[in-house]
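We name chains A, B, ... by the order of the sequence lines, and we start the count at 1 in each one.
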There are 2 protein chains.
Amino acid sequence: MNNPKKQQIVSTARDLFWKFGFRRVSIEEICREANVSKMTFYKHFKNKDELVKYIIDFITGIAMKKYREIMDSDIPFTEKVEKSIQLKMESSNDMSQEFFDDFHKNASPELHDHFNKLVHANLNTIQNDYIKAQKQGDVRPDINPNFILYYLDKMLEMAKDENLMRLYKSPPDLINELTRFFFYGILSRKT
Amino acid sequence: MNNPKKQQIVSTARDLFWKFGFRRVSIEEICREANVSKMTFYKHFKNKDELVKYIIDFITGIAMKKYREIMDSDIPFTEKVEKSIQLKMESSNDMSQEFFDDFHKNASPELHDHFNKLVHANLNTIQNDYIKAQKQGDVRPDINPNFILYYLDKMLEMAKDENLMRLYKSPPDLINELTRFFFYGILSRKT
DNA sequence: GTAAAATAATACAAATATCGTATAAAATTA
DNA sequence: TAATTTTATACGATATTTGTATTATTTTAC
């Protein structure tokens with residue numbers, strides 16, 4: 001954890017993985033760039049897969065911790081959702097397409113599995129929050145929580161769509177529109 | 001040249017090389033992405049080095065053609081320099097660091113040599129233009145043309161320096177400053 | 001339509017790169 | 001100084017990539 005050599009390895013690997021994905025980066029290259037011998041690498045990680053796991057767990061761990069803080073805070077439900085959407089947008093900006101492509105295209109079965117389980121667990125956490133909100137009356141009772149999960153991903157896609165973006169002054173404007181639509185749909189509020 | 005399959009190969013390779021450099025990209029990967037069989041690749045290129053040469057020659061060829069057009073046009077010398085500096089800035093934005101890093105770190109001796117000769121030839125062309133301008137009285141006679149070449153590279157470095165950029169409203173403002181400095185130094189013009 | 005040419009699909013040996021481990025020397029730490 | 005960590009190097013075992021050969025398929029030109 002706090003071992004400086006291990007940190008160098010992780011930090012260097014992260015940089016290289018973010019640029020090129022993990023398939024294109026060799027262990028020796030990481031060691032060279034991190035000024036660490038290969039033996040030291042193998043002291044800390046069994047192989048490249050374990051390093052990739054470590055990094056992905058670390059990254060998603062931070063994001064999920066932030067998410068939990070939002071959901072456990074004492075603010076109205078709508079604010080929680082707004083903040084969690086905001087977090088999702090920020091986190092995805094911080095991600096590298098090359099890195100995540102490798103999980104689908106070039107990962108070992110074990111790594112692929114680990115990745116899927118992680119994603120699934122996190123989606124589950126989020127889904128449970130929405131189910132809970134539904135029980136507490138914050139979310140319309142006749143909507144499928146699975147659809148909400150699906151739609152949150154679609155929102156990210158839409159937020160990154162350049163053609164859609166052209167209709168708005170700035171990215172936050174588009175995110176606001178998406179968020180309001182997520183809350184209220186298109187109909188005006190009748191009292 | 002106008003063979004569509006060859007164009008697909010070149011275009012796909014360019015995209016991949018720009019992202020990852022050429023060391024990290026295999027011929028099979030290029031073929032796969034370009035929807036071209038490996039045999040077709042080897043019909044057009046002897047090996048990866050020849051493809052890299054082709055691309056680098058193509059890219060620099062376009063840039064040098066534009067440069068020549070500027071220098072052969074019927075405009076004042078200062079305007080030629082301004083435009084050529086502009087061109088240099090634009091071209092460098094279009095370049096990928098990963099791709100050029102490979103020439104220095106991961107190229108075969110032959111490829112490395114080809115690259116150096118190309119760079120040298122182009123620098124020579126530019127130097128000759130400045131020597132000619134010096135003879136025609138457009139450039140101060142007591143300046144070393146080699147210094148000018150060196151300095152043009154430094155200008156690019158300065159134009160991309162974020163710390164320096166902070167002093168200006170916009171990139172063109174900085175480029176203007178650099179260009180004026182290149183022309184006049186710091187002293188006010190005495191008549 | 002057919003013949004010729006180009007391209008694709010597949011398999012393969014050879015070359016190259018990467019992995020993971022063993023060993024001994026050097027550097028660091030306590 | 002002794003114990004521990006790190007490096008340097010070498011190495012066989014795998015894995016990947018290369019370049020070619022062969023055969024089937026598609027495209028092109030007539």
Separation of D:dT18 atom P from B:F45 atom CZ, nearest Å, is 15 Å

Does A:K48 reach a base, just sugar-phosphate, or nothing at all? Heavy atoms under 4.0 Å.
sugar-phosphate

Check your understanding: Any ion pair linking B:R32 and B:E29 (charged N to carboxylate O, less than 4.0 Å)?
Key -> no

B:N3 atom CG is separated from D:dT27 atom C1', nearest whole Å, by 13 Å

Which of D:dG19, D:dT17, C:dA8 is nearest the side chain of A:R23? It is D:dT17

Do B:K160 and B:E157 sit within salt-bridge range, that is, some charged N less than 4.0 Å from a carboxylate O?
no

B:R24 CZ to D:dT17 P, in whole Å, measures 13 Å

*Will you find, in the side chains of B:K66 and B:S91, an N or O donor that is under 3.5 Å from an N or O acceptor?*
no

D:dT7, OP1 or OP2 - any side-chain N/O from A:K5 closer than 4.0 Å? yes

### Query
Hey, does A:T40 reach any base, or is it just sugar-phosphate, or nothing, if we go heavy atoms under 4.0 Å?
base

Checking C:dA8, C:dT18, D:dT18 against the side chain of B:M39 (C-beta onward), the nearest is C:dA8

B:H44 atom NE2 is separated from C:dA8 atom P, nearest whole Å, by 9 Å

How is A:D49 classified with respect to the nucleic acid when contacts are heavy atoms under 4.0 Å: base, sugar-phosphate, or nothing? nothing

Regarding the side chain of B:V36, the nearest nucleotide among C:dA8, C:dG20, D:dG19 is C:dA8

In whole angstroms, the gap separating P of C:dT7 from CD of B:Q8 amounts to 10 Å

From CD of B:E28 across to P of D:dA15 the rounded distance in Å is 17 Å

Go through the side-chain N and O atoms of A:D129 and A:Y67 and say whether any donor and acceptor fall under 3.5 Å apart. yes

note: B:K46, atom NZ; D:dT17, atom P; distance rounded to Å ~ 21 Å

A:K105 atom NZ is separated from D:dT16 atom P, nearest whole Å, by 17 Å

More than 12 heavy atoms of other residues, nucleotides or ligands under 6.0 Å from NZ of A:K83: yes or no?
no

From the candidates C:dT21, C:dT7, D:dT6, the one with an atom nearest any side-chain atom of A:K38 is C:dT21

